[in-house]
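Data first, discussion second: the structure below is written as structure tokens.
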Amino acid sequence: MNQEIERVKVLIVGSGPAGYTAAIYASRAGLEPILYTGGQPGGQLTITTDVENYPGYPDGIMGPEMMEDFRKQAERFGTKVRYGMVTGVDFSQKPHVVTVDDQVTVHADTVIISTGASAKWLGLDSETRLNGKGVSACAVCDGFFFRGQDVAIVGAGDTACEEASYLANICSKVYMIVRRDEMRASQIMQNRVMNNPKIEILWNTETDEILGEDEVNGVRVYNNVTQEKKELKISGFFVAIGHQPNTEVFKDFIHMDEAGYIKTIPGSTKTNVEGVFACGDAQDHIYRQAVTAAGTGCMAALDAERYLAAMENH
Ligand SMILES: Cc1cc2nc3c(=O)[nH]c(=O)nc-3n(C[C@H](O)[C@H](O)[C@H](O)COP(=O)(O)OP(=O)(O)OC[C@H]3O[C@@H](n4cnc5c(N)ncnc54)[C@H](O)[C@@H]3O)c2cc1C
């Protein structure tokens with residue numbers, strides 16, 4: 001096999017808001033970064049429509065268009081954006097060794113991991129078909145589109161409770177679909193949803209089908225004990241059953257929590273490996289927003305720059 005080996009100062013893995021922001025800062029600092037896009041160029045926002053909460057766009061912007069702007073801004077300062085998936089790493093040596101698409105080897109003084117996280121879905125055809133047309137995995141992002149309307153949310157963990165409470169502040173009614181007769185969430189979060197008059201919890205309930213042609217107008221659920229089915233009239237359907245960080249490829253070298261989120265030293269983007277930094281949703285299970293991802297992307301580039309400067313001074 002033909003092996004190319006390239007040496008870079010900064011290698012950025014991932015092309016969401018975190019990766020492109022890191023690229024803007026690193027390229028403006030003269031570090032000539034290379035960024036690999038992975039299988040979803042532009043990241044999670046490319047699968048959504050209106051983004052209304054990213055500062056600087058007073059009229060909102062379509063997610064794919066916004067990510068095109070990010071890419072152009074990174075390229076303007078010399079970032080080399082390449083299509084490719086990081087398939088292997090060896091962080092035990094310096095420079096760090098990164099393999100792309102099982103064939104290209106890159107030697108990098110610093111690596112910025114910005115591989116994001118993917119929402120877990122129920123796996124229904126109607127859920128895929130209506131994604132972005134009333135089906136969402138992010139209440140903070142999309143709840144506002146359903147203000148004053150009835151919605152449903154699936155999930156029983158802390159995040160589901162948090163999102164149900166968030167939706168209850170905006171929507172007229174929130175059905176919370178819970179598969180078992182109890183929740184995984186902490187007691188304090190359960191109390192919050194149980195005591196909220198706008199939230200109705202449907203225990204032992206699962207989703208049969210999300211209804212609607214071009215937009216959600218209902219959901220058919222069934223009780224998994226009695227098998228009884230019923231339809232609820234809703235216009236938004238939220239899935240809050242967890243996220244999977246895209247960090248598997250780094251697991252032999254980088255410290256992560258049990259869910260696979262990368263652990264960083266608080267107040268920085270430093271990981272346990274010198275010269276490897278993590279930003280965006282890959283290391284954040286709490287905020288998961290484009291603006292916070294971009295913020296930590298900026299931090300990662302500055303951390304990498306300082307690390308490189310310190311290396312040169314030795
Ligand atoms: C439907 C939807 C709507 C949303 N709406 C909003 C909103 O309105 N406002 C808001 O602020 N947030 C919104 N979010 C959340 C927001 O999209 C994320 O918080 C943000 O995209 C995280 O940015 P990121 O750069 O960390 O990762 P991501 O955007 O997830 O990007 C990860 C990148 O890493 C790449 N990658 C993964 N693995 C590899 C690999 N092995 N090698 C190379 N590349 C790899 C992927 O291809 C991708 O480019 C929404 C999310 C979803 C799913």
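For ligands, and for the atoms within them, numbers begin at 1 and follow the listed sequence. What you see is a predicted model; the values in this text were computed from it and never measured.
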Q: Please check if the side chain of Arg147 supplies one atom and the backbone of Phe144 the other of a donor-acceptor pair under 3.5 Å.
A: yes
**Q.** Residue-ligand contact Ala137/ligand 1, heavy atom below 4.0 Å
**A.** no
Q. Should you measure from each heavy atom of Gly280, which atoms of ligand 1 turn up under 4.0 Å away?
A. 26 (O)
Q.
Is the contact between Asn53 and ligand 1 made by the side chain, the backbone, both, or neither, using heavy atoms and a 4.0 Å cut-off?
A. side chain
Q. Is it true that Ser136 lies under 4.0 Å from ligand 1, counting heavy atoms only?
A. no
Q) Any idea which protein heavy atom is nearest atom 7 (C) of ligand 1, and the distance to it? A) Cys141 CB, 3.5 Å
Q: May I ask you to identify the nearest protein heavy atom to atom 29 (O) of ligand 1, giving residue, atom name and distance to one decimal place in Å?
A: Gln44 N, 3.0 Å
(Q) Could you tell me, atom by atom, which parts of ligand 1 come under 4.0 Å of a heavy atom of Thr37? (A) 35 (C), 44 (N), 46 (C), 47 (O), 48 (C), 49 (O)
Q) Can any side-chain N or O of Asn272 pair as donor or acceptor with the backbone N or O of His255 at less than 3.5 Å? A) yes
Q. Does Gly280 offer a backbone N or O that forms a donor-acceptor pair with the side chain of Thr296 under 3.5 Å?
A. yes
Q. Less than 6.0 Å separating the ring centroids of Tyr83 and Tyr36?
A. no
Q. For ligand 1, which atoms, with element, lie under 4.0 Å from some heavy atom of Gly14?
A. 33 (C), 34 (O), 35 (C), 44 (N)
**Q.** Numbered atoms of ligand 1 (with element) below 4.0 Å of Gly39, judged on heavy atoms
**A.** 47 (O)
Q) Taking the minimum heavy-atom distance to atom 2 (C) of ligand 1, which of Thr48, Thr49, Asp101, Asn131 ranks first? A) Thr48
Q. Hey, does the side chain of Arg71 reach the backbone of Ser15 with a donor-acceptor pair shorter than 3.5 angstrom?
A. no
Q: Under 4.0 Å from a heavy atom of Ser15: give me the atoms of ligand 1 that qualify, with their elements.
A: 33 (C), 34 (O), 48 (C), 49 (O)
Q. At what distance is the nearest protein heavy atom to atom 26 (O) of ligand 1, and which residue and atom is it?
A. Asp281 N, 2.8 Å
Q: Can you pull out the closest protein heavy atom to atom 10 (C) of ligand 1? Residue, atom name and distance to 0.1 Å, please.
A: Gln289 OE1, 3.3 Å
Q.
Quick test of your reading of the structure: of Pro17, Gly43, Ala290, Ala278, whose heavy atom lies closest to atom 21 (O) of ligand 1?
A. Pro17
Q: Can you pull out the closest protein heavy atom to atom 42 (N) of ligand 1? Residue, atom name and distance to 0.1 Å, please.
A: Val86 N, 2.9 Å
Q. Has Ser114 got any heavy atom lying under 4.0 angstrom from an atom of ligand 1?
A. yes
Q) Can you tell me which residue and heavy atom of the protein come closest to atom 48 (C) of ligand 1, and the distance to 0.1 Å? A) Gln40 O, 3.4 Å
**Q.** Identity and distance of the protein heavy atom lying nearest atom 37 (C) of ligand 1
**A.** Thr115 O, 3.4 Å
Q) Okay, side chain of Thr226, backbone of Glu228: is any donor-acceptor separation there less than 3.5 Å? A) yes
(Q) At less than 4.0 angstrom from any non-hydrogen atom of Ala18, what atoms of ligand 1 do you find? (A) 25 (O), 26 (O)
**Q.** Interfacing atoms of ligand 1 (cut-off 4.0 Å, heavy-atom, Met85)
**A.** 38 (N), 39 (C), 40 (C), 41 (N), 42 (N)
Q.
My understanding is that we take every heavy atom of each candidate and find the minimum distance to atom 27 (O) of ligand 1. Doing that for Gly38, Gly116, Pro245, which one comes out nearest?
A. Gly116
Q: Give me the ring orientation class for Tyr54 and Phe70: parallel if the planes are under 30° apart, tilted from 30 to 60°, perpendicular past 60°.
A: perpendicular
Q: Report yes or no: does Asp101 contribute a side-chain atom to a donor-acceptor pair with the main-chain N or O of Gln103 at less than 3.5 Å?
A: no
Q) Got Tyr261 and Asp284 here, is their nearest side-chain heavy-atom distance under 4.5 Å? A) no
